[in-house]
Amino acid sequence: MPVVTRGLTKRFRGGQVAVDAIDLEVPAGSIFGFLGPNGSGKTTTIRMLLGLITPTSGSVQLLGEPMPKAQLSVLPRVGALVEGPAFYPFWTGQANLLRFDAADRTADPRTRKARAGEALERVGLSNASGKKVRAYSLGMRQRLAIAVALMQRRELLVLDEPTNGLDPQGTREVRNLIRELAGDGTTIFTSTHLLAEVEQLCTHAAVMSRGRIVRQSTMADLRSELRPRLVVRTPDPQQAEKTLTSLGLTDVRRQDDVVEGDPGELPIDKLAAALVAADVRIHAFGLQHPSLEDAFVALTGEGFDVAE
Amino acid sequence: MSPSETATTVTRPLPARPSAGRHAVALFASELHLVFGRARTWVTLAVLAGVPVLVGVAIRLSGSEGGTEGFIGQVAGNGFFLIVASLALSLPFFLPTAVTVVSGESLAGEASLGTLRNMLTAPAGRSRLLAAKMVALAVFCLTATMVIWLSGLIAGVVLFPVGDVVLLSGTTVSLADGLLRAFGIAILIALSLLGLAGIGLFVSSLTSTPLAAMAATFGAFIVLGILGAIPQIDVIHPWLLMYGWTSFADLLRDPPYWDAIVRNLWIQAAYLAVFYAAAWARLTSRDING
Amino acid sequence: MGVAQRSRRWLVPVTAVAVVAGVGALGPVVADASPDLPGITAQDLLAKVQTAKVDGLSGTVTSSTDLGLPALPGMAPEANQFLDLLTGDHTARVAFAGPDKARVSVLDDMAERVLTTDGKTAWVYDSSRREAAKINLPARPAKPEVAPEKETYDPQAAAKKFLAAIDPSTKVEVSGTESVAGRDAYKLRLIPRTDKTTVGSVTLAVDSKTWIPLQVTVMPRTGKDPAVQLGFSSVSFDVPAASTFAFTPPKGVKVTEKTVPAAPDKQVTPPATPKKSTPTKPERSGRDHPTVIGQGWDSVVMVRGQVPVAGNGPLDQLLAKAPTVHGSWGSGKVLTTKMVSALITDDGRIFIGLVTPDTLQAAAAKAPR
């Protein structure tokens, strides 16, 4: 597994626990969505994964080697984008790429320029490569930051909010790029607070809340747990509620002209027939699949963008 | 798509990586590029290059012959002394200021831009990054004094007659000998700045605000200067950073008097060792949150 | 890497501080380790010293003087240029070739003062003022008493003066060995038997091969730091080349020329070693025939009519702060430092000596009006 943490904990000097004994397991080849509201400890976790900050306790294994001890041999195989793009504004995009690549002693200086050109092309910045980063928009900087990670073939990409600041077009491009890289066999670990991103992109997800991992599984498992509910709109809600309860639905609720409940394994066509038989007039009838958002709120007990 | 299906497949083999350390020099070259690739550095060097020009023009215009003691008083008679006088004049303020700015910027600047995290995940390696910063600082110190040397030579030749050089001991040596000694002085002054550079590097490792690092470094420099001016504590004076700074002039004796020069170099080495070690301890244990 | 391991990294700079402090503090101690030398009696050592003779030497002399006062009141004002040699730390290069060639170069901050003589001509050169003075010496000097400045910086001359002062008032002993300028030396210590003086002891470091004194250390009666330390930091007993003592005035330097016989070196005479050998000093530098009261360590010098004039700022302040004392001799102000005491009476006499203030007052009582 490219990323494994055990009891990873970070307690800041003030005593505040930002990350509380988390066990992450990121399978090879996965696109791993690291989901959580702002302030839930995602970035702190990513910094610990990359050896930028020292865990208070617990361990990190990156590509099978312990961090931060083995960082000099591990990190060249890892592309990283941590908490927004950071560059030398007085340099061109290309010069920035060259510098970060030069910092890696395993990077071949002879191919450096060519690799920078490729990376810039891949993120669509070829035309802006000679412009000073000062003149870049946030979206361009975001792309440049991804280009840094693409300077080499990587076994693992750790991307912190990679689509932050991008317009819808750019967001789509970046997601396609991530899929493409994953198709090449690169494991992607991407944090985000955008549920849509996880739904569209990821094979796996972990949900973080208040420093803890509240859920970690494949997306398939996560989705399968979202049980559809039967929703009936009727002018006879009391009758409908009674009938459905008697048919064996659980968690039946009624509000105004809507009655809903968990059908479990009951065949849905029979339910409709039973309602009609009970003289319940039906205006609308159907199964409603809950969104990931509902699940998210259920897991974290809070909405989006809620800082602690 | 379940995780187990894609778990271990790597569709393209990764290209073989050269062994670690093969291209270790690139970081050091990149650091030099960072220091010297900035307009600010060139403005600083231009200001330093302006010192001999200003001093020379002022002496030329005032036309004062003699009267003034020391190296300045000799400039009008021999343009060679413009080099030495400019170096001596730049030592108490201009050069320390320049070193303060560049050293204060070194780590705090990267931290404030956020590029420090990019460098560390590259990975540059914290100890190696610090070493590269220090080497770049040393090269800057040397460049700064060499700029004054060169500008002093050019301004001296243009503005004044130039000829054989009278040493402090009253001996006369050839201009070539004098220029070589002045070159040595430029190197000695550059080395004299390393202690301050070490302090700046350490202070810079403490903060993510370059201006704060520069202010604190310059503050430390001022405090050391004040301590050196208080006669009641003259016991500690020989251990202060700037105590031996004027020893460069001992190169202009016949023969050169090395004791004070060597002592100054030891003092600089001691300051550098202590503060470099402190910067190392700080940087390698620091949480990079910026 | 846990928190403990991280804080352990700070041991590195802490170690660096310790090493630097250790080298700084212990280095000199190691260098000064006492060498093993065969025993010698004080008397033998004194005899050897007095007969010691070298044909030439060269080296670097450092002096460190801490009399506890920025300036010595009552000193001849024209001696100002040399006054600074009596305070603070100085370094000089000295060279000597018998009988009458000598060179002293005082290494000032970014400047140099040179005094050199080949026996016929003496040159004084001041690099900061770019002035040189040529002094044609009398064909045959009455005494081989060469450069006046040499007395300040040549440990040999300084030590001989101390030997002259040795009399029953002084305990003389060989107090061990030490290494001075890389040479093995005996320490000859002179301790005043009276407690009226501020001098605690005077120690000569005598080279065990040439019997030349290499260093003089004057300790005050109170305190651990030397009041005066003057000695070689490096020395060679090879005879320096004759060119060492030659001087060619550089171009652009103002040269004044004088021919002596009549006490020409008065202007450049430093107030020779007042801190070491009281009785002899004022006799040479004073203009008004100072009177010496008492003898040995507790002798006091009286000078008339040299009350400092107003306008001499720091001195005025000093006097204003000084306590006033009264006695059968009248009344006056007392200035004391850890080495030197001075009594300035209201009737215009100055008593000065390396003695306690009480001794000064006692001397004043005995002094002629």
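Just so we're on the same page: letters track the sequence lines, and every chain starts at 1. Just so it is clear, the structure is predicted and the values come from calculations on it, not from any experiment.
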List the residues meeting ring pair (Phe, Tyr, Trp, His ring centres under 6.0 Å) with B:W245, not counting sequence neighbours, and say none if there are none.
B:F221
What part of C:V20 lies closer than 4.5 angstrom to a heavy atom of chain B: side chain, backbone, both or neither?
side chain
Which atoms of C:S105 are under 4.5 Å from chain B, going by heavy atoms: the side chain, the backbone, both sets, or neither?
neither
Any chance you could measure B:N78, atom CG, to C:K251, atom NZ, to the nearest 0.5 Å?
9.0 Å
Please determine, among B:L167, B:V274, B:L252, B:I267, the option with the most heavy-atom pairs under 4.5 Å with chain C.
B:V274
Hey, what do you get for OH (B:Y257) to OG1 (C:T91), rounding to the nearest 0.5 Å?
4.5 Å
Minimum heavy-atom separation for C:V114 to B:S169, with atom names?
CG2-O, 3.8 Å
B:T246 and C:M110 have their tightest heavy-atom pair at CG2-CE, 3.7 Å
Working note: C:R9 + B:S285, criterion side chain to side chain donor-acceptor pair (under 3.5 Å); need CA distance, chi angles, decisive distance, verdict.
CA-CA 7 Å; C:R9 289 175 181 271; B:S285 63; 5.8 Å; no
Relative to chain C, which segment of B:Y276 carries a heavy atom at a distance below 4.5 Å: side chain, backbone, both, or neither?
neither
C:F247: ring pair (Phe, Tyr, Trp, His ring centres under 6.0 Å) partners, not counting sequence neighbours
C:W123, C:Y125
Smallest heavy-atom separation, B:P255 atom then C:R93 atom, equals O-NH1, 2.7 Å
Quick one: pull up OG in C:S234 and CG in B:D259 and give me the separation to the nearest 0.5 Å.
6.5 Å
State, with a plain yes or no, whether a side-chain heavy atom of C:S127 is found less than 4.5 Å away from one of B:R253.
no
What part of B:F202 lies closer than 4.5 angstrom to a heavy atom of chain C: side chain, backbone, both or neither?
side chain
Please determine whether the number of non-hydrogen atoms from other residues, nucleotides or ligands lying under 6.0 Å from atom CZ of C:F237 exceeds 12.
yes
